[in-house]
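FYI, side chains are in, hydrogens and waters are out, and symmetry mates aren't considered; it's all heavy atoms of this structure. Keep in mind that what you see is a predicted model, and the values were worked out from it rather than measured.
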Amino acid sequence: MNRHCVSSQMANLSVLGRLYLVDTIAGDPEVLQADAETYYEKLLKKSLSTPDVFSIPGGGEVKLEDSCVCFVPLYRNNPTCKLLLLTDPKDKETVLAVYLSQRWWPVEDVVKTADPARDGLVLVQTFGERIVLFVLNCIIFGMLEGSSANDAFFLPHSATERAKILWRNGEAAAFYSVKMKGSLCDGTTSQCYLLPVLDTVFVQRKYRRGGLGMKMLHDFCQSFLAEDALGISCPISAAMYQVCQKFLQAHPEEQKRLWEVEAPGDWSQRVNIWLKIQMESSLSRRQNILPISPEAAVGSCMDKTPTSKPKQLDMDQMNKGVDCFPGAGQVAGNATEKKDDTAAAGTLNSQGPEEEDLEQGAGDAQQHKGLRKRAGPGDLVVDKAAKQFKTTP
C-alpha cells in the first residue's frame, strides 16, 4: 500500500471517529523502533519535553520513569525487533501501555480498530496487526488473563508465522496461528512440518461462550481443503477438546482429517482426535458402570491427573486400531522430538457443550508445546532451553 493510499484511508477513518494504533501505524518498523529507542534514552537522561506521566484509562496516573519501562522482543528468535512497554510500578507483570509513533497506547486501545472492514477473521499481514497479535498473545493472555493455576503463557510468534485475528465490534476478540506444512519446526533442526498444524488459539474472556472457538476451528479446516490430514499441536487442553468434540459432531466429514500431533507430525506422532474422543467416552462409561475398589479408584484418579501419560497400549490402538483412517499406523520416520514431560495432553470432562469456547479460563486455551513459567514482561522465554529475552534498551 503506497503512502497516498494510507493517508487517504486514515483520512476516511478519522471521519468515523477516534483512530487506533492498528489504523495508524504504517511506517517502517525499524524507524518506529529507532524512535522508541530515542525516547527511552531521553527518559534515562530525564530530558523529555513531553508530560512525564501516563494517564491510566479509568483514572489514575503513572509517572514515566526508566524503572517502569522495558524493551521486549516482538518476535520469537528475533531479539532485534523490540517493543517498548510501560509496566505498573506496583506490579511489574502488568503491562499498561505500548510506545509507538511518539506516544503511549493503552493496552486496551492497541486491540481496537475504527476500520469497519476489520470484521471477522482477518489474516495478519501488516506491522500493526503483528503488534495486535503480540498484545493478545503475550500481554492479554500471558499476563492479564492467564490462569494462576496454569502459570504459563504463549511464546511470541515468529515474524512470518501465519495467524488470523478475529475482530468483533471493533476489537480483536480472538486469534489462532498455524504452523504451515513445509515450515521449519524450530531454529535448531532441519525438520519441517509434514502437515498444517493449528498451533495456538485464544479467545478473550469477555468473548467466550459465543461460538468463536468453533468458528476458528472451522476456518482452519476450510483453509486447507486440499490436505488429507490436519494437525492440532500437542498437548490439547481439556477446553480445546470440548471445542473439537462439538465441531466434529457438527462436521463428521472432518473426523478423519484432524489429528493431535507432535512436530514434525509423521504418522508415529499422530493420534486421531475423533477416535481419542470416542475411546475417552467409552472408558468413562465403563468406569461409571463397573464397581471400583478403593485401590483401583486411587489408580484411576492418578491416571487422570494432567501430568500422567496415556498408556502405550491405548496410544498404539489409537494409531493403528481403525482401518478407516488412511495411513494410520504407517511410520514415516522415527520421532526425533522428545515430548516435554511437564506438558500432558488435556482430557475430556463432563461439563457439557457450554464449555465449548475456552471459557474455563485463559490458561485452558490451546497452548504451544514450549510453555514455561510466567515471568515479568522483560523475561519472556524464547525456547525449551529456558533462554530469556533481556530488557535491552
Side-chain angles (χ1 to χ4, degrees), residues 19-22 24-112 126-144 146 153-159 372-383 386-393:
L19 291 178
Y20 295 98
L21 181 145
V22 72
T24 60
I25 297 298
D28 185 341
E30 293 183 1
V31 174
L32 294 171
Q33 180 172 320
D35 174 67
E37 291 172 350
T38 300
Y39 170 84
Y40 182 77
E41 291 175 2
K42 291 181 178 180
L43 192 64
L44 289 175
K45 297 176 182 178
K46 303 185 185 302
S47 59
L48 289 174
S49 58
T50 55
D52 59 353
V53 295
F54 171 76
S55 298
I56 303 175
E61 292 183 340
V62 172
K63 187 176 181 180
L64 295 172
E65 299 177 319
D66 62 293
S67 61
C68 297
V69 299
C70 63
F71 280 98
V72 297
L74 177 62
Y75 306 121
R76 184 188 313 167
N77 301 329
N78 182 10
T80 60
C81 187
K82 300 172 290 184
L83 281 181
L84 185 61
L85 306 181
L86 173 66
T87 61
D88 188 336
K90 298 178 181 179
D91 180 6
K92 297 296 184 181
E93 292 187 10
T94 299
V95 178
L96 300 176
V98 175
Y99 186 86
L100 275 171
S101 292
Q102 302 182 353
R103 59 162 291 186
W104 287 102
W105 299 85
V107 167
E108 50 267 46
D109 284 354
V110 174
V111 295
K112 292 181 180 178
T126 68
F127 179 60
E129 289 167 342
R130 286 285 169 190
I131 295 173
V132 173
L133 181 65
F134 173 87
V135 170
L136 279 175
N137 178 33
C138 294
I139 297 179
I140 293 181
F141 170 72
M143 297 175 185
L144 301 181
F153 62 97
F154 290 156
L155 301 174
H157 297 98
S158 68
R372 284 294 180 267
K373 182 178 177 65
R374 186 190 296 114
D379 295 313
L380 298 181
V381 185
V382 295
D383 56 26
K387 193 183 301 179
Q388 292 187 340
F389 290 129
K390 301 298 182 182
T391 55
T392 53

If you round to the nearest 0.5 Å, how far is [atom2] of [Y] from [atom1] of [X]?
X	Y	atom1	atom2	result
L32	L84	CG	CG	12.5 Å
L100	Q33	CG	CD	9.5 Å
C70	L86	SG	CG	9.0 Å
N78	S158	CG	OG	9.5 Å
Y39	W104	OH	CH2	5.5 Å
L85	T87	CG	OG1	8.0 Å

Tell me, do [X] and [Y] make a side-chain contact under 4.5 Å, heavy atoms counted?
X	Y	value
F141	L136	no
F134	V98	no
V22	V110	no
L74	F127	yes

Note to self: Working note: W105 + V135, criterion side-chain contact (heavy atoms from CB on, under 4.5 Å); need CA distance, chi angles, decisive distance, verdict.
What the structure shows: CA-CA 11 Å; W105 299 85; V135 170; over 6 Å; no
Note to self: Is it the case that atom CD in Q102 sees more than 12 heavy atoms from other parts of the structure closer than 6.0 Å?
What the structure shows: no
Next item on the list: Just jot down the ring pair (Phe, Tyr, Trp, His ring centres under 6.0 Å) partners of Y20, sequence neighbours excluded, or say none.
Entry: none
Minimum heavy-atom separation for [X] and [Y], please, with both atom names.
X	Y	answer
F54	L64	CB-CD2, 4.0 Å
C81	Y75	SG-CE1, 3.7 Å
A97	V107	N-CG2, 3.9 Å

Check: Between the main-chain N or O of P156 and the side-chain N or O of R76, is there a donor-acceptor pair closer than 3.5 Å?
Finding: yes
Notebook entry, point to check: Any donor and acceptor pair, going by atom type alone, linking the side chain of D52 with main-chain N or O of K63 inside 3.5 Å?
Noted result: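 It does not hold such a pair.
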Margin query: Going by side chain to side chain contact (heavy atoms under 4.5 Å, CB included), name the residues that satisfy it together with T126, two or more places apart in sequence or in a different chain.
Written below: E129
Check: For D35 and S101, what are the C-alpha separation, side-chain angles and deciding distance, and is it a side-chain contact (heavy atoms from CB on, under 4.5 Å)?
Finding: CA-CA 7 Å; D35 174 67; S101 292; 5.9 Å; no
